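Below, chain A is the first sequence line, B the second, and so on; all start at residue 1. Quick caveat, the model's predicted, so the values are computed rather than measured. Side chains included, hydrogens not; waters and symmetry mates left out as well; all remaining heavy atoms used.
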Amino acid sequence: MAVAAAAARVWGSSRGLGRVGLLLLRRSGARGLARSHPQRQQQPFSSLDDKPQFPGASAEFVDKLDFIQPNVISGIPIYRVMDRQGQIINPSEDPHLPQEKVLKFYKTMTLLNTMDRILYESQRQGRISFYMTNYGEEGTHVGSAAALDSTDLVFGQYREAGVLMYRNYPLELFMAQCYGNVSDLGKGRQMPVHYGCRERHFVTISSPLATQIPQAVGAAYAAKRANANRVIICYFGEGAASEGDAHAGFNFAATLECPVIFFCRNNGYAISTPTSEQYRGDGIAARGPGYGILSIRVDGNDVFAVYNATKEARRRAVAENQPFLIEAMTYRIGHHSTSDDSSAYRSVDEVNYWDKQDHPISRLRHYLQSCGWWDDEQEKAWRKQSRKKMGCKCLPESVHCPPRPWSSDTRSTAAQWAGQTLVSGSMCFLALPLTTSSWAHPFSSCLGLLTSELPAS
Amino acid sequence: MAATAVTAGRLLRLRAAGAEGHWRRLRGAGLPGGFLQPASADGDAAQRRQVAHFTFQPDPEPLEYGQTQKMNLFQAVTSALDNSLAKDPTAVIFGEDVAFGGVFRCTVGLRDKYGKDRVFNTPLCEQGIVGFGIGIAVTGATAIAEIQFADYIFPAFDQIVNEAAKYRYRSGDLFNCGSLTIRSPWGCVGHGALYHSQSPEAFFAHCPGIKVVIPRSPFQAKGLLLSCIEDKNPCIFFEPKILYRAAVEQVPIEPYNIPLSQAEVIQEGSDVTLVAWGTQVHVIREVASMAHEKLGVSCEVIDLRTIIPWDVDTVCKEECFLNLEAPISRVCGYDTPFPHIFEPFYIPDKWKCYDALRKMINY
């Protein structure tokens, strides 16, 4: 009461303290519908305590001048479940997924790899205008996609085709979009790899980077209001994370308490710009806490680590209405796109290391083999089957499918044009090199195909 | 005396900063009000008048929409927002400072009435506000975003032009953000200077995929805003801030729609066509009556209302170009940033417009 009297003397009743000596000042702002994490509270306001009263921070005073040293030598540790040879390190972290699910992981990653090679070659042969491969990052796509519900909305950047593939998007539609033909659901309006699928809750890709980040947050807010039990996942690269939209998205997600997973694929390069020129802090994961976001760094080439982290983030994001940040460390084995030749800015040795020593597909295959769920016979059969799917069926269909016409009147003209300019007859894309035990990265496949001509019609 | 009468026409009413509510810190608060005095030959200082460059002319009370109430423009906006939130349970309003009622009082009372999950503040980030709004709209919910001043819409330009405008087209209609509306205070206010006076509609006027709408009055504002909110395309609704309090008229309490992309011929005429939008409509109305009085010229006055897609048929009947007797004249601000103390000289006031009209009929 003495405190109250003193406070009233200092501030007077006009301040609204009145009879109440102590006033708990709450931070105003939107409150989540199901908020269970602690909110920031003001200390009770009293001029007699020598404690900080600033509304802007909850902290103690210190009398020693010391700048906080950012820790980039020993950064946030990288969570992993398997070692590079595909062996589980800590059995309690093994998600113990059933065989069919893990086989689906493997088949999705390898089919994606095959599709990438076929479409990359398509571009090289002038059949499509442009392509971006996903080599080396298949684990990030499949691990995260598998941990989500099929109705969770996905906002991607451009290197997440494996997410769509995991959701069983038909190969024909991937190719239709790249060819811009009449089967494309996007109606031929965008460059290749700008996939979208309403049915599978995959928002159409757009070229500007990071614009999807605040959009994902808005979608998450709407999902929260609708009590939809739905998480929104937002993929982006470490380069896109430098955009202002990324900062905007993180801050909005935290302040507005949105059930969104920010999934950063840190693959070492933004076209030619290495991470040392992209940021100077401890990657993207270290930024999360600055916004008040729970964050983790995972081994992106370990599909189980990606799966576990995404699964837990999803569970908590929906239950607690708060954002999560997952930084998946990986490596972009391929070029940025068909317009890029990455030998101009990195060594073939560096690329080979990742292709041979730390590849998500190889690591999972070792795991499968050690479980007795896969062997060389099945590997051979599967390679043949996936090539057949792509090479003998989808590709010729796409090649011969007329491009989307300007209007229905011109459709017949377009079909005529298509027939004249594209090579008719069988396309023999089985000239893909059946090389090694690993799924070859684009360099060797490029060399192989340069020497094998396609049959003319 | 005639000369001083002309300069008297340039007097401005400078509003007190506090009257509008909070002005944003660090972005140049308006100075407290004052007024310019006319120089007068006999030194008589008794005639102190505050005169804006226009006189708001209310439209007659609308009878077809039920009971009306006297409202100014910001109250008409509040009414439209109130109607929207009542009708559409997915609708949310967000932006900087909207929770306490907004710096122009457009959202007063809405948070208490509809809840803090529906009317809420965002961090200070326009690109985030619009991006966030697009995301809400992608899920099908109605998003009403506020950009505190049109001068600050530029950080959101990428999200508006590259994302919102193109969402439906680029996805082949698989996705869209049609339920997004962006509202923003717009235009000169007497003392706003470079960053509280801009009219940026021209930057958006050539971007297919969005609609840009500007009302001239409270009645127009409510009907047009409701149409924007219900329109299946992302819309930008610019609200002339100088009219927030200055424009008062009878406005229906119930919701009603004024169609978009339809200009309104406010006054029929046969000699000259005058086209404007927002505050300027009241300027050209006065110019039309001046022309009628002094020159015997009959002016057609058109309020464009929707800037894009614009009502080309009303403004420009087919073959009109073959029938024009003078080149089209454009009266606007100068090619400089919007000045502070020189606003009276910058504004395309009725004298400049009248002068252009006179030159035109003497062409």
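Here the CG-OG1 distance, from B:Asn176 to A:Thr204, works out to 10.5 Å after rounding to the nearest 0.5 Å. Here A:Ile232 contributes atom CD1 and B:Thr139 contributes atom OG1; the two are 8.0 Å apart, rounded to the nearest 0.5 Å. Interatomic distance, CD of A:Gln215 versus CD of B:Gln159, reported as 5.0 Å (0.5 Å rounding).
Contacts with chain B were tallied for A:Gly244, A:Ala220, A:Ala253; A:Gly244 has the most, counting heavy-atom pairs under 4.5 Å. Note on A:Cys258, A:Gly249, A:Ala222: by heavy-atom pairs under 4.5 Å with chain B, the leading option is A:Ala222. The residue among B:Pro123, B:Ala141, B:Pro89 with the most heavy atom pairs within less than 4.5 Å of chain A is B:Pro123. By number of non-hydrogen pairs under 4.5 angstrom with chain B, the leading residue of A:Glu199, A:His194, A:Lys187, A:Gln212 is A:Lys187.
Proximity to chain B (any heavy atom under 4.5 Å) is restricted, for A:Phe155, to the side chain, taken from C-beta onward. If you measure heavy-atom distances from B:Val92 to chain A, the contacts under 4.5 Å come from the side chain alone. Residue contact with chain A, scored on non-hydrogen atoms closer than 4.5 Å, involves the side chain of B:Asp158 exclusively. When heavy atoms are compared at a cutoff of 4.5 Å, A:Phe250 does not approach chain B at all. Proximity to chain A (any heavy atom under 4.5 Å) is shown, for B:Gln127, by both the backbone and the side chain.
Within a 6.0 Å radius of CZ in B:Phe203, other residues, nucleotides and ligands contribute 12 heavy atoms or fewer.
Taking the six-membered ring for Trp and the full ring otherwise, B:Phe94 and A:Phe252 have centroids separated by 6.0 Å or more.
Contact of the B:Lys166 side chain with the A:Ser206 side chain is not registered, since no non-hydrogen atoms from C-beta on lie closer than 4.5 Å. Counting only heavy atoms from C-beta outward, the side chains of A:Val203 and B:Tyr167 approach each other to under 4.5 Å. Contact annotation: the side chain of A:Leu185 approaches that of B:Leu174 to within less than 4.5 Å [non-hydrogen atoms, C-beta and beyond].
B:Asp117 and A:Tyr221 get closest at one heavy-atom pair: O-OH, 2.6 Å. A pairwise comparison of heavy atoms in B:Gly128 and A:Pro214 identifies O-CB, 4.2 Å as the closest pair.
Formation of a donor-acceptor pair under 3.5 Å by the A:Arg225 side chain with backbone atoms of B:Ala91 is not found in this model. Between the side chain of B:Arg170 and the backbone N or O of A:Gln190, no donor-acceptor pair lies under 3.5 Å.
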